Amino acid sequence: MSPTRILLVLPLFLITTIPHAQQKRHRVGFVSVPQIVAAVPGGAAYLDLRKKVEADLSARAKTIDQLATKAGRTRTAADRQALTKAQQSLATSQKNYQTRLNTAFKPVASRVDSAVAAVAKSSGFTVVLDRDVAARSKLVVYANAATTDLTPAVVKAIKK
């Protein structure tokens, strides 16, 4: 198909799809997962564990950075070996922590997921995103918190 022909057909295609796109409104909502988890029985223990894990892994990563700098500067076998050992220790710790976090979050997750789904359905939302993840990833540029934040309603539903 020639480029000219595509340019002629494209507007017709777009015009025919506009009514379909306007038939159903989709609403996107946001929740603060840490706030909701804190409201779930057992959620505070999970959040405390997560905070401790993040602090430990951060300290280990900082140590690795220091060892990498030293190993790069001295280029001795002992420093490279210390760096390798620290990296392996970090990898093992990450795996063990992930298992512990998954185990601790499993009972909390089912309550959070069901409460978010129930509130979203009753409020007419078709998609719900974690506000922190959306902001960190720059997935969402703007959202009116007054009309899209479902966190208070979900917390209220969990406490019932």
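All of these numbers come straight from a predicted model, not from anything done at the bench. By convention here, the first residue in the shown sequence is residue 1.
The CG atom of Leu67 lies 7.5 Å from the CG atom of Asp79; values are rounded to the nearest 0.5 Å. Here OG of Ser89 is found 7.5 Å from CD1 of Ile64. Values are rounded to the nearest 0.5 Å. Note that OG1 of Thr151 and NZ of Lys156 are 14.5 Å apart. Values are rounded to the nearest 0.5 Å. Note that CZ of Arg100 is 8.5 Å distant from NZ of Lys52, once rounded to the nearest 0.5 Å. Phe30 CZ to Asn144 CG: the interatomic distance, rounded to the nearest 0.5 Å, is 10.5 Å. Put simply, CZ on Phe105 and CG on Leu47 are 8.5 Å apart, with the number rounded to the nearest 0.5 Å.
Looking only at side-chain heavy atoms (C-beta outward), Val40 and Tyr46 stay at 4.5 Å or farther from each other.
Taking all atoms of both residues into account, the shortest heavy-atom contact from Thr148 to Ala143 is OG1-CB, 4.0 Å. Nearest heavy atom pair, residue Arg111 against residue Ile158, reads NH2-O, 3.2 Å. When every heavy atom of Arg75 is checked against every heavy atom of Arg80, the shortest pair comes out as O-NH1, 2.9 Å. Taking each heavy atom of Ile36 and Val31 in turn, the nearest pair found is CD1-CB, 3.6 Å. Considering every non-hydrogen atom in both Gln94 and Leu57, the closest pair reads CG-CD2, 3.8 Å. Between Pro107 and Ser110 the shortest heavy-atom distance is O-OG, 3.1 Å.
The existence of a salt bridge linking Asp56 and Arg60 is confirmed by a sub-4.0 Å separation between a basic side-chain nitrogen and an acidic carboxylate oxygen.
Hydrophobic clustering (side-chain heavy atoms under 4.5 Å, transitive across Ile, Leu, Val, Met, Phe, Trp, Tyr) groups Val155 together with Val108. Leu101 and Val33 end up in the same hydrophobic cluster when Ile, Leu, Val, Met, Phe, Trp and Tyr side chains are linked at under 4.5 Å.
Around the CD atom of Gln66, the shell of radius 6.0 Å holds more than 12 heavy atoms that belong to other residues, nucleotides or ligands.
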*Step by step, would you call Arg136 with Val133 a side chain to side chain contact (heavy atoms under 4.5 Å, CB included)?*
CA-CA 5 Å; Arg136 240 187 344 265; Val133 172; 3.6 Å; yes
_Stepwise side chain to side chain contact (heavy atoms under 4.5 Å, CB included) test for Val128 and Leu150_ = CA-CA 9 Å; Val128 178; Leu150 298 175; 3.8 Å; yes
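In this structure, Ser123 contributes its side chain and Ala120 its backbone to no donor-acceptor pair below 3.5 Å.
Each of Val140, Val127, Thr126 was scored for a side chain to side chain contact (heavy atoms under 4.5 Å, CB included) with Val28, with one residue passing: Val127.
Annotation: cation-pi pair Arg27/Phe125 present, NZ/CZ under 6.0 Å from the ring centroid and within 45° of its normal.
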